[in-house]
Structure formats: structure tokens, C-alpha cells
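In what follows, every heavy atom counts, from backbone to side chain, and hydrogens, waters and symmetry copies are set aside. Letters go in sequence order (proteins before strands), and every chain restarts at 1. Please read all numbers here as calculations on a predicted model, not as lab measurements.
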Protein chains: 2
Amino acid sequence: MSTRARRASVVDVAKLAGVAVGTVSNVLNRPEVVAPATREKVMAAIEELHFVRNGRARELRAGRISTVGAILLDIRNPFFTDVARGAEDRLAQDDYTLMLASSDDDPAREQKYLRLFEEHGVHGMLVVPTGPDLGPLLAMQDRGVRMVVLDAPSSLPELCSVAVDDEAGGALAAGHLLSQGHERLVFLNGPHTIRQCAGRRAGVDRAVREAGLDPEQVVVEVLLSSLDAAGGDEAMQRILDDTGVPSAVFCVNDLVAVGVQRCLRRVGGAELLTRVAVVGYDDIDIASELAVPLTSVRQPTHEMGSAAADLLVRADLTVEHVVFQPELVVRASSVAHRGGLA
Amino acid sequence: MSTRARRASVVDVAKLAGVAVGTVSNVLNRPEVVAPATREKVMAAIEELHFVRNGRARELRAGRISTVGAILLDIRNPFFTDVARGAEDRLAQDDYTLMLASSDDDPAREQKYLRLFEEHGVHGMLVVPTGPDLGPLLAMQDRGVRMVVLDAPSSLPELCSVAVDDEAGGALAAGHLLSQGHERLVFLNGPHTIRQCAGRRAGVDRAVREAGLDPEQVVVEVLLSSLDAAGGDEAMQRILDDTGVPSAVFCVNDLVAVGVQRCLRRVGGAELLTRVAVVGYDDIDIASELAVPLTSVRQPTHEMGSAAADLLVRADLTVEHVVFQPELVVRASSVAHRGGLA
DNA sequence: CGCGCGGTCCGAATCGTTTCATTCGGATCG
DNA sequence: CGATCCGAATGAAACGATTCGGACCGCGCG
């Protein structure tokens, strides 16, 4: 029908309703100050013209901006989308909207989106940086865009940040295994250049020391290059071949743990699988759906997003560094002699 | 430092560079028409003031809009984010950006975001509708916003759509199982009110007939209410109790298949697990990481998103309905006597 | 010498909304 | 009855960029 008819504007509405543009604006934004009769007329005109106000003009004039941007490392990673979801929920309370983009760990893409969002005039940004160089973020903050760095490899004191206490996570897992009576534990970790990995290792050591033991005697750390199921499977196989069956294995993430379980079953069937205690990290959705439900360290993704969003919309501009505590979710994989599965 | 300094505008830049605002705009948009010397001056001023142009004002005046919105059912579902990713990649080619939002299957949220995006003046929308009522979408399209309906339960001829041929998917799975020599198959499906479920059932029947058999004799359809692992596990248990061990099971999605596998192993160990052929749907990431890697029907998510984005940005406005063909990914779960797992 | 012309640059008009100082009509009050 | 006051409506200014008709300049050509 309407091939390319210009969208109706407040002027059109005003004309049709027989009032001034200011009045239209008022019924839109402060309905209480306009008399019911005129309000009705205006509403009717809006209805008739299918008027939808132009957000760009609105924000241009009003200066207000009601969207915040987020740049994640990978939009397909559940960890990040869960965080985004938490942020979105919090933002919705204040009528903000969230625009998502993923950098794919590519600094160029990160830059591009950063600029795009800034041009768009977002209120603030929520970013998981691709690299250690936070300069551009700081510059943008100086230009008036609120910033929160998420889960960052290293963070500047001038930038708000939200992260998880990896050391506590490592300690939680190791402490749990020690309390189950295990006297040695294998830690399948990633390279220490990744801050998270180093932190978790430190936590493991701390827990061991707190149990009155010597980390050097208790912990066998194996560094993986690929942190997925294949990597876990392979590493576990090597351990079985070289040093025999371990009593307990702590994995840097759940996928690695899945690989470990797969290897154990292949080699020794259900019997071996239930004999070795396994703990993962991240508590991904399927952790509870595995043949042997996996004990895992859960990061409070939703709360992280929520907290980050909170920093973005709150009135004061104080810089704050929020650190969340992870939580241990105990399932069958780390509990000895689980009846139903023997 | 700069507590709340107003962002620099073209006027500021022009003043500093000693040129007119129009010239600044020209170096920004058509650098070739401005003399190198002045161009340099302007660029220097831009640099010095950290000028970032105001996208809202730009788009207000220029009328151009370079973002498209997407409303997904659930931002945490990999199927949707994969589709979004495909769209994003395609859009990037034309310098469009994608704004994501999730409706959570809540029509009210869908409405809210629809309006928000329209106010924002998006070029087009990509939406997975929450319900069968596509009226609001059509209205929005009439108001000049390009629309593509994704994976819709029922679609109007006036709206572009991108979907997957569910009948073909069902036929693919059933055909595969029949060709493996199975003479009866259990189909764990969802309610036929969901178009996808009904379509897949039709496909199963077609494949059976094409094999010269009678669907009524061959197919045992079991309708689940919850389409997840728990639902699959429970249904499988009931089948084992009531009618014994089936030869082949086709599941409406991978999570259901995971539940089926879990049940089989619990009841009859690895032996039973490898004796029953299982086929899933969606080919989720972990399908290949399971104890017995799962055969599954893969939907071309990335291509779907890409195609949808293409409809959004292409020059002509012809309505088009794109239907993709799914693909079967064969793994151990549906192949008899897999050596390594016995 | 006058004219036309291409290459540059200028700056007012414009987009659609909100804001806000102002106007207007009527009611209240001394 | 005139002075005040108040709620309601008005309409021009402003937001910051793009656009575009026009001015200006130097130069080649008739």
C-alpha cells in the first residue's frame, strides 16, 4: 500500500489533532500535565497516523541515551551470553536496552564496534577485552562513555571491573577433593599466561597448604594447550599410561572434564569412571546431564552481568572493582561409591 | 580530568581548523572533493579534539540507518545465537550492525523490543516470533521497516521468511535408520501444535513409505511434553518397561537423545547403549563429545542467518520464502557394532 | 578583456523531537 | 471590579550532522 510514505512526525500529529507540537510532546512524555480532552484528541491522531516517535531525534535533542553496548569475546559461548542475560535483566529495570556484539577475540573487530557504539551514543559499554591494552577503553571513558571491564586479563584502576575470584575457585575445588580424603590430585590446567589459569593454580596451592600439606607433594599440574574435551581425553590417557590411575582430577573447565570422563570409561569402564573423582569448572548446562553428573565450580554469570549493568546505570561515577565468589556444585563425579551407578 | 565536557561537535572542529562545518562534513564523507591541504588541517583538528561524530544526528538528517535488530526467543540457546552469528557476518559486509534482544518467548517482551527498535529507526528486523500472531510485524513492515521472519510457526505470504525444511529433516533421519536395517522405529516427538514437530513427523512417514513400508506398522510415535534430557530419559524408561528394547530411536532434539542414552546405559550398560540406534536433531556442540557420539540432523544455522540478513539488505523488496535443507551427520550412535566401544 | 568553467569552500536550511519562556483564558480573591 | 494566580497550550530555539545552491578564485580561451 503505502509504498514509501514518510513516517508520520509530531507535526503531522499536531496538525491532525489541531494542537501545537509541544502539546503532542507533552502527551507523549508527561501526560499528566495535559487536559484529558486534548489528550484524547492527540492519542486518537497518533493512533490514526500510526505515529511512532523517532528515537534518534528524541535522543539527539534530549541528550538522554537509553542503550548500553556490550562487546563479548564470543557470542556463542554460554558463559558470555549468560552474563549478557544478567546485564539485560538489570538494565531492563531502568528501561535501558542492551546491544550485543562479539569481537571474536579480534582486536580490530573490537575497535570497530567500540567506535560504532560510541557514534551511536551509547550510555555505557560493557566489554570483555581481547587483549591487555585497555588504552582505547580508557580514552573512551574520558570522552564520557561509562565503562565496565568484564572478566579482564588485567585491569586498570581507573576502569570499573567485574570479575570472579579464580583463586577462590581453585581453592574450592581442591579443598573439596581433599576433604573427600584424596591425598594427591591431578590438576589439568591451561597456560599460566592466562590470568584465570594462574589464579586457579594459586587457589589450589592455598587449599593444600591450609590442609597442612605440601603442594609439591600433593599437586600434579599438567598444562594443556587445547582446553576442550579432546585435550582432556588425551591428557588423561597420557597420565594413565605414565603414572597410573589418579585418585582425583581437577579440570580447568567442564569440557576438559568431559574428555577425562570419556577416557576413563574407555579404558576402565564404569568401574574406573566411578573410582576417580573428577571436578570441572564453569558448571555448563550439560554438566548435570552427563552419564556421571559432574561436580563443578560455578561462576555467578547472571549476577556478574547484573552487577556490571548496575555499575553502568548507577548515579555516581565512583570506580569500583567487583569480585565475585564462585560456588561449588557437588554432583556424583566427585563423591565416592555412588550406589546407583556401580 | 574532563569531568563532563561536552563531546566535540563538527562546529568545534570547524572552528579549530578554520573552515566551515560543511567542509568538515565533506572530509568525513567525501574526502576526495576537499583539497589535501585543508583535509590535513581538518584531520588534525579531529585528532586533537578526539572528535567522534554523533551517529544519532547523522542518521536523523541523512535518513540512512545502518543497524538491524533481531529478536530471538532465547539468547542462551546456541541455535539462535548461531543464526545471529550468521546474520552478523553477512551484515558486516554492508557495514550494518546487529542489535540483539531476546523475547524469552514472552509476547509482551517481544512487543516492547519491537517498538524500541522501531523508535530507534532500525533498517530492518529479524524476528523469531513468540506466537502465531504476525499482525504487529506486518504493521511494522507497512510502516517501512524491513522484516524477515525466522523459523516461524506459521508465516504470512506478505512477510519474508527463512526456515528449515523439517519434513526433509525427519525423512533424513528415518531414511538413515531404515537403511541401517531397522524395521521399526520409535519417534520421540513433541506436540504437533509445534509446526516443526508436525513437519518432522510427516517426513518420517514419507521416508517409510518411500522404503515401501507402512508407517502404521513401522513408526511408534511417543509425544513428550518436556523436550529435554529428563523428558527423554523418562520416555525411554517407559518404553523399555512397556514394550521392551527398541531397535532404533529418533529424537526431536539432541537433549532428548542425551536423556535416552542416559536411560539406556543405566538400564543395560554399554552393551544396551550400543545396541540401540539413536538419532538426534540440531547437532548441538556436545553431540560429538558424548560417550557415544550422537548422529544428528544439522540445521544450517549460519547460512540461515546469512540468508535472512541478505533479504534485509538487498536492494529489491520482493517477498521471498527461503527454505533450507537440513543435513545428516552420522556418528557412532546410529551405526551398529561400533568396535571401540563394546 | 570578458566569459565560462572546474575545483573548493561556505553557510543556511533541514531532519524530528524536546524544552522552556511566553501567552491565554478563566477562576479566585480582596 | 481590578489584580493575581494557575493550569493549559503555544511555538520558537536547540540538538549535531548532512545537504546543496551559491560564492569565490584562478585560468584557459575566444
Select base, sugar-phosphate, or nothing to describe what B:Arg30 touches, counting heavy atoms under 4.0 Å on all strands.
sugar-phosphate
Does a salt bridge link B:Asp94 with B:Arg90, judged by any charged N lying under 4.0 Å from a carboxylate O?
yes
In whole angstrom, give the distance that lies between atom NE2 of A:His120 and atom C1' of D:dG16.
15 Å
Looking at side-chain heavy atoms only, is the closest gap between B:Asn54 and B:Ser9 below 4.5 Å?
no
Can you check the A:Leu60 CG to D:dT18 P distance for me, whole Å?
12 Å
When you measure from the side-chain N and O atoms of B:Ser9 to the phosphate of D:dA17, is any distance below 4.0 Å, counting only OP1 and OP2?
yes
Check this for me, if you would: do B:Arg53 and A:Glu118 make a salt bridge, where the nitrogen-to-carboxylate-oxygen distance has to be below 4.0 angstrom?
no
Within the 4.0 Å heavy-atom criterion, would you say B:Asn26 contacts the bases, only the backbone, or no part of the nucleic acid?
nothing
Find the distance A:Ile46:CD1 to C:dT17:P and express it as a whole number of Å.
10 Å
Is the count of non-hydrogen atoms from other residues, nucleotides or ligands lying under 6.0 Å from B:Lys112 atom NZ greater than 12?
yes
Checking C:dT8, D:dA13, D:dG16 against the side chain of B:Arg61 (C-beta onward), the nearest is D:dG16
Candidate nucleotides C:dT18, D:dT10, D:dG16, ranked by approach to the side chain of A:Asn29 - the nearest
C:dT18
Which whole-number value in Å describes the distance from B:Lys41 NZ to C:dT8 P?
14 Å
Please name all residues satisfying ring-ring contact (aromatic ring centres under 6.0 Å, His included) with B:Phe79, sequence neighbours left out, ordered by chain then number.
none
Between D:dC15 atom C1' and A:Glu59 atom CD, what is the distance in whole Å?
12 Å
Base, sugar-phosphate alone, or nothing: which one does B:Val34 contact when heavy atoms must sit under 4.0 Å apart?
sugar-phosphate
Are A:Leu311 and A:Leu126 side-chain neighbours, meaning at least one heavy-atom pair lies under 4.5 Å?
no
Within less than 4.0 Å of OP1 or OP2 of C:dT18, is there a side-chain N or O belonging to A:Arg53?
yes
B:Thr23 side chain near C:dC9 phosphate (N/O to OP1/OP2, under 4.0 Å):
no
Whole angstrom value for the distance that separates P of C:dG6 from CD of B:Glu32
17 Å
Using a heavy-atom cut-off of under 4.0 Å over every strand shown, decide if B:Val24 touches base, sugar-phosphate, or nothing.
nothing
Can you tell which of C:dG16, C:dC9, D:dT10 lies closest to the side chain of A:Val10?
C:dG16
Report yes if at least one side-chain N or O of A:Asn54 is closer than 4.0 Å to OP1 or OP2 of C:dC15; otherwise report no.
no
Separation of A:Glu119 atom CD from D:dA17 atom P, in whole Å?
10 Å
Does D:dT18 have OP1 or OP2 under 4.0 Å away from a side-chain N or O of B:Arg58?
yes
Starting at the 5' end of DNA chain C, which residue's closest nucleotide do you reach first, B:Ala37 or A:Val11?
B:Ala37
Examine C:dT19: is either OP1 or OP2 under 4.0 Å from a nitrogen or oxygen in the side chain of A:Ser25? Give yes or no.
no
Rounded to the nearest angstrom, tell me the gap between atom CZ in B:Arg39 and atom C1' in C:dC9.
14 Å
